[in-house]
Amino acid sequence: MKPTTLPKNPSFSSGPCAKRPGWSLDVLKDASVGRSHRAKACKSKLNDVIERSKRILGIPADYVLGIVPASDTGAIEMALWSLLGERGVDVLVWESFGSSWASDCKSQLKLPDLRTIKADYGKLPDLTQVDWNHDVVFTWNGTTSGVRVPNGDWIAAGRQGLAICDATSAVYAMEIPWAKLDVVTWSWQKVLGGEGAHGMIALSPRAVARIQSFAPPRPLPKIFQLSKGGKLIEGIFQGETINTVSMLCVEDALDGLKWAESIGGLAGLIARSRANLAAVEAWVAKSSWVGFLAAEPFTRSNTSMCLKVVDPAYAALSVDDQEKHVKTIVSTLEKAGAAYDIGAYRDAPPGLRVWGGATVETADIQALLPWLDWAYSEVKSQF
């Protein structure tokens with residue numbers, strides 16, 4: 001039967017993600033709009049974002065953290081363009097964004113000593129194949145596959161190369177072993193539910209040393225430049241951004257960080273996200289038609305929860321018909337006001353993707369699940 005209780009917030013998109021509980025436009029009333037981002041008041045707010053982020057995440061004191069252009073994509077591309085080429089590079093690929101970074105390394109940077117270690121959607125590559133004499137590029141959590149690395153045990157403590165990690169859908173929702181990582185990038189629009197267009201990049205002392213000693217054999221656009229005259233541009237990591245930022249977005253990021261502090265910091269954020277995964281796991285365990293795309297439970301994401309239809313009647317359909325029916329499920333849920341934007345990523349196998357980051361209430365996840373059952377039943381009648 002059609003459910004009667006709707007989620008209070010039907011925003012389950014994997015980016016931009018749901019705003020924090022209780023959010024309203026009123027939280028932006030103190031934004032320093034109309035001011036130069038280089039004004040003292042604005043730089044103070046930008047630096048506040050940096051310092052609060054470092055405290056909440058437990059970033060080591062000798063790491064630097066900066067705000068950079070173009071969301072997480074800009075941050076990871078900045079790292080690739082600025083750091084790669086001194087030694088061989090391994091890129092791990094098991095979903096769409098890792099594939100993009102591998103493509104850039106091959107086609108744009110044209111790295112001569114490049115290995116791509118791949119796995120299909122739903123699985124991790126063989127992590128034992130990584131050569132830590134190389135620089136290694138990988139996502140912590142595959143946003144488009146729902147598959148994450150379980151921990152940092154596979155990362156060599158005595159590595160010669162740099163560990164470069166796109167962690168945008170993991171930071172603030174998963175435990176990150178900072179000492180095992182040299183570059184970590186993310187954006188505000190994921191677990192904090194912030195606005196888009198701005199990224200963050202954390203650099204270890206080893207990464208800083210590389211930036212100061214290595215001259216990339218390629219031109220670097222201004223927005224990728226982290227050094228000048230062989231020295232790190234320290235202002236980037238003190239609130240002096242490379243280009244103009246939106247002070248509305250900065251104010252929103254500060255609101256998200258303050259909310260995170262109010263619920264217990266990182267531990268509170270992780271607990272909320274894990275509770276969301278637990279609710280979906282309990283439902284999937286009883287379902288006859290849906291399963292997780294992640295093949296192994298220990299690799300299952302607690303943020304971008306990717307689901308596949310396992311009903312034999314659905315599996316017997318052509319891929320085109322599978323895609324058509326999943327799109328109908330998604331549109332049916334949107335029309336009902338039960339869920340927005342939960343279709344699988346465009347490059348991923350047909351399925352559903354439910355965001356379970358900390359800004360999503362577990363009660364809304366629980367209210368959504370009967371709607372998923374109903375929508376599938378409605379669509380199955382059209383097979």
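The figures here come from the full heavy-atom set of this structure, side chains too, leaving out hydrogens, waters and symmetry mates.
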Salt-bridge test for [X] and [Y]: reply yes if a basic N is under 4.0 Å from a carboxylate O, no otherwise.
{"X": "Arg272", "Y": "Glu361", "value": "yes"}
{"X": "Arg52", "Y": "Asp48", "value": "yes"}
{"X": "Lys19", "Y": "Glu195", "value": "yes"}
{"X": "Arg353", "Y": "Asp341", "value": "no"}
{"X": "Lys43", "Y": "Glu240", "value": "yes"}

Exercise for the section: With the side chain counted from C-beta on, respond yes when Leu352 and Val330 share a heavy-atom pair under 4.5 Å apart, and no when they do not. Expected result: yes

Problem - Within-4.5 Å side-chain heavy-atom neighbours: Glu281 and Arg300 - result: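 SC-SC contact between Glu281 and Arg300 confirmed.
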
Taking all heavy atoms of [X] and all of [Y], pick out the closest pair and write down the distance.
{"X": "Leu192", "Y": "Gly256", "value": "CD2-O, 3.9 Å"}
{"X": "Thr241", "Y": "His37", "value": "OG1-CD2, 3.3 Å"}
{"X": "Ala313", "Y": "Lys380", "value": "CB-CE, 4.1 Å"}
{"X": "Arg115", "Y": "Asp131", "value": "NH2-N, 3.5 Å"}
{"X": "Gly239", "Y": "Leu46", "value": "O-CD1, 3.3 Å"}
{"X": "Val91", "Y": "Gly98", "value": "CG1-O, 4.0 Å"}

Checking [Y] against [X]: is there a side-chain donor and acceptor pair closer than 3.5 Å?
{"X": "Thr303", "Y": "Ser301", "value": "yes"}
{"X": "Asp126", "Y": "Thr128", "value": "yes"}
{"X": "Trp355", "Y": "Asn276", "value": "no"}
{"X": "Asp311", "Y": "Tyr376", "value": "yes"}
{"X": "Trp289", "Y": "Asp373", "value": "yes"}
{"X": "Tyr345", "Y": "Ser304", "value": "no"}
{"X": "Glu95", "Y": "Thr144", "value": "yes"}
{"X": "Asp26", "Y": "Ser24", "value": "no"}

Practice task
May I ask you to check whether Phe383 and His325 place their ring centres under 6.0 Å from each other?
Solution key: yes

Looking only at atom types and distance, does a side-chain atom of [X] sit under 3.5 Å from a main-chain N or O of [Y], one as donor and one as acceptor?
{"X": "Arg87", "Y": "Asn133", "answer": "yes"}
{"X": "Ser287", "Y": "Val284", "answer": "no"}
{"X": "Tyr121", "Y": "Leu293", "answer": "no"}
{"X": "Thr328", "Y": "Lys324", "answer": "yes"}
{"X": "Ser273", "Y": "Ile270", "answer": "no"}
{"X": "Trp178", "Y": "Leu57", "answer": "yes"}

Exercise for the section: Show your reasoning for whether side chain to side chain contact (heavy atoms under 4.5 Å, CB included) applies to Asp252 and Trp188. Expected result: CA-CA 9 Å; Asp252 191 59; Trp188 301 332; over 6 Å; no

Can you give the donor-acceptor pairs under 3.5 Å from side chains of residues 155-177 to other protein atoms, not counting sequence neighbours?
{"unit_1": "Arg159", "atom_1": "NE", "unit_2": "Asp182", "atom_2": "OD2", "d": "2.9"}
{"unit_1": "Arg159", "atom_1": "NH1", "unit_2": "Ala156", "atom_2": "O", "d": "3.0"}
{"unit_1": "Arg159", "atom_1": "NH2", "unit_2": "Ala179", "atom_2": "O", "d": "3.3"}
{"unit_1": "Arg159", "atom_1": "NH2", "unit_2": "Lys180", "atom_2": "O", "d": "3.3"}
{"unit_1": "Arg159", "atom_1": "NH2", "unit_2": "Asp182", "atom_2": "OD1", "d": "3.4"}
{"unit_1": "Arg159", "atom_1": "NH2", "unit_2": "Asp182", "atom_2": "OD2", "d": "3.3"}
{"unit_1": "Gln160", "atom_1": "NE2", "unit_2": "Gly158", "atom_2": "O", "d": "3.4"}
{"unit_1": "Asp166", "atom_1": "OD1", "unit_2": "Thr168", "atom_2": "N", "d": "3.3"}
{"unit_1": "Asp166", "atom_1": "OD2", "unit_2": "Trp101", "atom_2": "NE1", "d": "3.2"}
{"unit_1": "Thr168", "atom_1": "OG1", "unit_2": "Ser187", "atom_2": "N", "d": "3.1"}
{"unit_1": "Thr168", "atom_1": "OG1", "unit_2": "Ser187", "atom_2": "OG", "d": "3.3"}
{"unit_1": "Ser169", "atom_1": "OG", "unit_2": "Asn141", "atom_2": "O", "d": "3.4"}
{"unit_1": "Ser169", "atom_1": "OG", "unit_2": "Asn141", "atom_2": "ND2", "d": "2.8"}
{"unit_1": "Ser169", "atom_1": "OG", "unit_2": "Thr143", "atom_2": "OG1", "d": "2.8"}
{"unit_1": "Tyr172", "atom_1": "OH", "unit_2": "Ser53", "atom_2": "OG", "d": "3.3"}

Handout entry: Test log, rule side chain to side chain contact (heavy atoms under 4.5 Å, CB included), inputs Phe237 and Leu232
Key = CA-CA 10 Å; Phe237 306 96; Leu232 186 73; 3.7 Å; yes

Output a table of donor-acceptor pairs, distance under 3.5 Å, between side-chain atoms of residues 66-73 and any protein atom two or more places apart or on a different chain; print 'none' if there are none.
{"unit_1": "Ser71", "atom_1": "OG", "unit_2": "Gln189", "atom_2": "OE1", "d": "3.3"}
{"unit_1": "Asp72", "atom_1": "OD1", "unit_2": "Thr185", "atom_2": "OG1", "d": "2.7"}
{"unit_1": "Asp72", "atom_1": "OD1", "unit_2": "Trp186", "atom_2": "N", "d": "3.3"}

Exercise for the section: Check step by step if side chain to side chain contact (heavy atoms under 4.5 Å, CB included) holds for Val49 and Leu257. Expected result: CA-CA 8 Å; Val49 170; Leu257 291 164; 4.0 Å; yes

Exercise for the section: Apply side chain to side chain donor-acceptor pair (under 3.5 Å) to Asn9 and Ser11, showing your working. Expected result: CA-CA 6 Å; Asn9 183 358; Ser11 297; 3.1 Å; yes

Exceeds 12 heavy-atom contacts within 6.0 angstrom, atom [atom1] of [X]:
{"X": "Lys54", "atom1": "NZ", "value": "yes"}
{"X": "Glu51", "atom1": "CD", "value": "yes"}
{"X": "Lys222", "atom1": "NZ", "value": "no"}
{"X": "Asp120", "atom1": "CG", "value": "no"}

